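Data block below; observations after.
Here the structure is a predicted model, which is why all the values come from computation and not from measurement. Order of the sequence lines sets the chain letters (A, B, ...), proteins ahead of strands, with each chain counted from 1.
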Number of protein chains: 2
Amino acid sequence: MKPSVVTIEPNGHFCSDCAVRDAAVCSSLDPAELREFEHLGRRVHFAASGTAFSEEDITTSFYNVLEGVMRLHKLLPDGRRQIVGFALPGDFLGMNISGRHNFSADAIVAVTVCQFAKAAFGRFIETRPHLLRRINELAIRELSHARDHMVLLGRRSADEKVAAFLLGWRERLSSLGGSSDTVSLPMSRQDIADYLGLTIETVSRTFTKLERRGVIEIIHGGISLLDPAQVEALAAA
Amino acid sequence: MKPSVVTIEPNGHFCSDCAVRDAAVCSSLDPAELREFEHLGRRVHFAASGTAFSEEDITTSFYNVLEGVMRLHKLLPDGRRQIVGFALPGDFLGMNISGRHNFSADAIVAVTVCQFAKAAFGRFIETRPHLLRRINELAIRELSHARDHMVLLGRRSADEKVAAFLLGWRERLSSLGGSSDTVSLPMSRQDIADYLGLTIETVSRTFTKLERRGVIEIIHGGISLLDPAQVEALAAA
DNA sequence: CGCGCCTTTGACACGCGTCAAAGAGAGTGG
DNA sequence: CCACTCTCTTTGACGCGTGTCAAAGGCGCG
């Protein structure tokens, strides 16, 4: 693990300018609350492959992803890794019961987050049930994704996993920017493998197989869906 | 799927008598609130293998499990099944974003639940942020379990899956009743297989293998951990 | 007793993991 | 600008773990 290269901006940022303002946890706040909320968070940058927190760390902050892509993962004692999710702008990290993050989070590309001290955030939320409701919504949505992913991990073949991943990732990207048949994949093959419960070789072979069939095209930094309908058929719902 | 055999008790139950009162979502309510809450829920019984709801159903109720064991699962179009969890007394079901349950729930043994109409429950919670906080806690705990289970499904061998399952199930039972090295398994081998992302044959063979090694003993309706330390070693953390 | 369902056991097959090596870019220094 | 290295990806050969298919228990229930 590389040392986390972190830059903390002095200040001077406003929630009203924030790119994820309407998507993130803060969408539940009214303008007056936003001005107060502004003082709680500070922007923090992580360089690519920097670590925001590790699974055994005590939780001292919450994070709102503003920009970039993060990898959320857990390790077994012998080093086997499972990526439990990718975090994109608008995602909120740090909720837990145990007082520890139960997964590690690091930057796949350069990442900007809005960081909140746990205590101050806790105090703020105390009197804002609508913010709590918003956080609850995000948690429940995550839970639903987690259950979908369990089905993928437990019951799908390698081909289905890869096809479902490509569609799911395209879906997430399109909910951020414009939708497109060109899907950018900022994560490595190893990351994809660890997300899908496969080996890197199987992921690579499956990509190649799909390309040979003319279903996708492997391009630099991603893939292009030449035949989206076929990919959906392969994903088996 | 068998028809859901359901019995609804006329009334006459009180939260103050409730077995899960301190463990469930209602632990956040004070005595006065409990008396009001009492009128919102009604006890419903499901016979073994009865269905409480299916994944495509519109959510009209929330459920608080009072007694018994439920199986929460999702199906792929071709019939492959993944069990995403087992619900025990104290578990709260029905939270979702989409307006639909995204998994099915049915009774493994006779089950009693406390059922709440969605609208009435929503109104009640509106003015009780502490209840919302409690629900949020339960959701976050579920999410943490879901992520642990992803690691199991994606990265563990059959032996490790079975060993981890036995320990995890014992853990859950012991948090309800007294802890013991005798672990009751009310679910079928098929259920265990669908929970662990294995086939019934592999589960059966793994049980037999563990028994031959003297690590467990297969008894009627469960297993006995003869050598818990060995099981923990097999589970690989 | 006999029927039906669940579990166990066995033989075999195959998908995916493992091991190994070659290819392909990106960054660095001469 | 090219050679060199490092890392990531791709490809190939092979083997194993787990799935598949089939049949024989085992147990409850009518």
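The structure places CZ of R212(B) at 11.0 Å from CZ of R205(B), a figure rounded to the nearest 0.5 Å.
With rounding to whole Å, L185(B) atom CG is found 11 Å from dT7(C) atom P. Rounded to a whole Å, the CD atom of E211(B) is 15 Å from the P atom of dT7(C). Spacing between atom CD1 of I108(A) and atom C1' of dT7(D) amounts to 17 Å, rounded to whole angstrom units. Computed from coordinates, the K161(A) NZ to dG15(C) C1' distance equals 11 Å when rounded to whole Å. The separation between D194(B) atom CG and dT7(C) atom P is 12 Å, rounded to whole Å. When rounded to the nearest whole Å, the span between CD1 of I200(B) and C1' of dA24(D) equals 15 Å. Per the geometry, CZ belonging to R156(B) stands 18 Å off C1' belonging to dT18(D), to the nearest Å. Rounded to whole angstrom, the span from the CZ atom of R155(B) across to the P atom of dC16(C) amounts to 13 Å.
Checking the phosphate oxygens (OP1, OP2) of dT11(D), a side-chain nitrogen or oxygen of T208(A) falls inside 4.0 Å. The phosphate of dC8(D) has neither OP1 nor OP2 within less than 4.0 Å of any side-chain N or O from S188(A).
Distance alone, capped at 3.5 Å, is enough to place a donor-acceptor pair between the R100(B) side chain and the E56(B) backbone. Here the side chain of Q230(B) pairs no donor or acceptor atom with the backbone of D227(B) at under 3.5 angstrom. In this structure, R156(B) contributes its side chain and A236(B) its backbone to a donor-acceptor pair below 3.5 Å. Checking side-chain atoms of R155(B) against main-chain N and O of M150(B) turns up no donor-acceptor pair under 3.5 Å.
Proximity note for R189(B) (side chain, C-beta onward) versus dT18(D), dT7(C), dG17(C): the nearest is dT7(C). The side chain of T199(A) lies closest to dT18(C) when the candidates are dT18(C), dT18(D), dC16(C).
Side-chain to base pairing of R205(A) with dG15(C): no donor and acceptor N or O lie closer than 3.5 Å to each other. The base of dC16(C) lies outside donor-acceptor range of the side chain of E201(A), with no N or O pair under 3.5 Å. For Q190(B) against dC6(C), a side-chain-to-base donor-acceptor contact under 3.5 Å is absent.
G221(B) comes within 4.0 angstrom of nothing in the nucleic acid, heavy atoms only. Contact annotation for R212(B): backbone-only contact, meaning every heavy-atom pair under 4.0 Å involves sugar-phosphate atoms and none involves a base. In this structure, S204(A) reaches the bases: a heavy-atom distance under 4.0 Å links it to at least one base atom across the strands shown.
Position along DNA chain C of the nearest nucleotide to H220(A) versus V203(A) favours V203(A) as the more 5'-ward residue.
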